[in-house]
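Structure record follows, encoded as structure tokens.
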Amino acid sequence: MKNTILVTGGAGFIGSNFVLDWVASEVAPVINLDKLTYAGNPQNLAPLEGNPRHIFVRGDIGDSALVDKILAEHQPRAVVNFAAESHVDRSIHGPGEFIQTNIVGTFNLLESVRAYFGGLDDESKKTFRFLHVSTDEVYGTLAPNDPPFRETNPFEPNSPYSASKAASDHLVRAYHHTYGLPVLTTNCSNNYGPLHFPEKLIPLVIHNALAGKPLPIYGDGQQVRDWLYVRDHCSAIRRVLVAGRVGETYNIGGWNEKPNLEVVHTICTLLDELSPRSDGKPYKDQITFVTDRPGHDRRYAIDATKIHRELGWKPAESFETGIRKTIQWYLDNQSWVKNVTSGDYKKWIEKNYSQE
Ligand code: NAD
Ligand code: TYD
């Protein structure tokens, strides 16, 4: 076994942030397996071009022959599984891909990793880890005064996306319990930050605001999410990889619960300061209330006490510092936004917001 790690989905939002941070601070090489769906963007990894410590492979986590070959050739000491279909609204319009990648794909990946793990020597078996990146959405929705999600909360997923992630979490758990695979699972809240595809709330609102388009708020805008700066999420995953107890689950959150409308107002106010509208009017004038998402979860909140108590991790960014950095990144990287919003992106926006 080598020091190499295998990351899946490392051309997406969180995966590419993770790979960039990893290569900047670790000597161990990273193999990056990504299918390059609409959400995967090789441009995210441009700073690593020509770097021998990053090897990109285009392919599917469900392609057993390919995954077996990668494992045999590179002998990684860990697999970090980010690859997934990740957007709730897309899972409502078309759940099939979510079942295929998030459930069947994770199952195939686990089977390949189980076979690889079985062939390792005893010393390598002690240090090998399979880290599965999941979401707080598996726990369902909270009422206003409920305590935040703990690792012991029952799974009550409400969307095809969260149901498919919950299924994958269960498979990962079962592979530990039944086969002794050394797994770790993380369930995190809503990430935001650089390289976030503008189909999710925060990058969509920044993009639409600057383009002079409506800022669509689903329903009454009082749904609550906990917001985690993406680089804090990456540092938490690295901490769990190093020190997490095998077979355990860790909730990762930013201690930043906010109603959507407040998030959008904050973005508007910061944009008024950093990139004012040419007509002098406030960006909040672009806010538009639209038809609610079917089955929309009312509130997510994370109790991240366990990872703090056991592994000493806590987020470095508050929402105020993280959102300012994020907006600045989008202002400085308009060519990235331009590239990802051409082509198929337009068709998606048309489909999702056509009832406005
Ligand atoms: P993303 O949609 O931006 O990226 C997903 C990546 O996976 C893309 O690069 C895509 O090409 C790749 N991919 C999809 N199907 C694949 C397959 N079958 N084989 C190989 N690669 C495939 O997602 P993200 O926001 O970066 O999320 C990463 C992980 O974190 C996901 O597992 C998601 O469920 C989880 N998560 C995300 C958030 C969030 O706020 N974004 C919150 C909690 C959990
Ligand atoms: P999103 O970024 O899609 O993440 P998730 O659904 O996984 O939490 O959405 C975050 C919140 O913002 C969610 O409550 C839905 C809401 N939302 C809007 O109000 N308008 C939008 O255009 C989008 C994309 C999301």
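Start at 1 and go down the list; that is how both ligands and their atoms are numbered. Basis for what follows: all heavy atoms, side chains included, without hydrogens, waters or symmetry-related copies.
- Within ligand 2, the atoms closer than 4.0 Å to a non-hydrogen atom of H87 are 3 (O), numbered from 1 in the order shown.
- Heavy-atom proximity to atom 19 (O) of ligand 2, evaluated over Y218, Y300, F289, is greatest for Y218.
- By the 3.5 Å distance cut-off applied to N or O atoms, V88 is not counted among the residues near ligand 2.
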For ligand 1, run through the N/O pairs with the protein that fall under 3.5 Å and put one pair on each line.
from     : atom 1 : to   : atom 2 : distance (Å)
ligand 1 : 2 (O)  : S86  : OG     : 2.7
ligand 1 : 3 (O)  : F13  : N      : 3.0
ligand 1 : 9 (O)  : G12  : N      : 2.9
ligand 1 : 9 (O)  : D34  : OD1    : 3.2
ligand 1 : 9 (O)  : D34  : OD2    : 2.6
ligand 1 : 11 (O) : D34  : OD1    : 2.6
ligand 1 : 11 (O) : L36  : N      : 3.3
ligand 1 : 11 (O) : T37  : N      : 3.0
ligand 1 : 11 (O) : T37  : OG1    : 3.2
ligand 1 : 18 (N) : D60  : OD1    : 3.0
ligand 1 : 18 (N) : T101 : OG1    : 3.0
ligand 1 : 19 (N) : I61  : N      : 3.0
ligand 1 : 21 (N) : K35  : N      : 3.1
ligand 1 : 23 (O) : S86  : OG     : 3.2
ligand 1 : 26 (O) : F13  : N      : 3.3
ligand 1 : 26 (O) : I14  : N      : 2.7
ligand 1 : 32 (O) : F82  : O      : 2.9
ligand 1 : 32 (O) : K165 : NZ     : 2.6
ligand 1 : 34 (O) : Y161 : OH     : 2.7
ligand 1 : 34 (O) : K165 : NZ     : 3.1
ligand 1 : 40 (O) : N191 : N      : 2.8

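- For L201, a nitrogen or oxygen atom sits less than 3.5 Å from a nitrogen or oxygen atom of ligand 2, counting backbone and side chain alike.
- Classified by interplanar angle (parallel below 30°, tilted 30° to 60°, perpendicular above 60°), the ring pair F130/H132 is parallel.
- In this comparison of H196, R298, E199, R293, the heavy atom closest to atom 3 (O) of ligand 2 sits on R293.
- Taking the centre and axis of the six-membered ring of F117, the NZ or CZ atom of K125 falls inside the cone set by 45° and 6.0 Å.
- Applying the 4.0 Å criterion to heavy atoms of K200 picks out, from ligand 2, the atoms 2 (O).
- Partner R77 forms a side-chain hydrogen bond (donor to acceptor under 3.5 Å, both in side chains) with one of T4, T127, N3 and no other, that one being N3.
- A salt bridge does not link K126 to D121: none of the charged side-chain nitrogens sits closer than 4.0 Å to a carboxylate oxygen.
- No donor-acceptor distance shorter than 3.5 angstrom exists from the side chain of E97 to the backbone of G94, with no hydrogens or angles considered.
- Shown in contact with N260 at under 4.0 Å from a heavy atom are these atoms of ligand 2, numbered in order with element: 11 (C), 12 (O), 13 (C), 14 (O), 16 (C).
- Of all the atoms in ligand 2, the ones that sit under 4.0 Å from a non-hydrogen atom of E137 are 5 (P), 7 (O), 8 (O).
- Contacts between Y353 and ligand 2 below 4.0 angstrom, taking non-hydrogen atoms only, involve the side chain exclusively.
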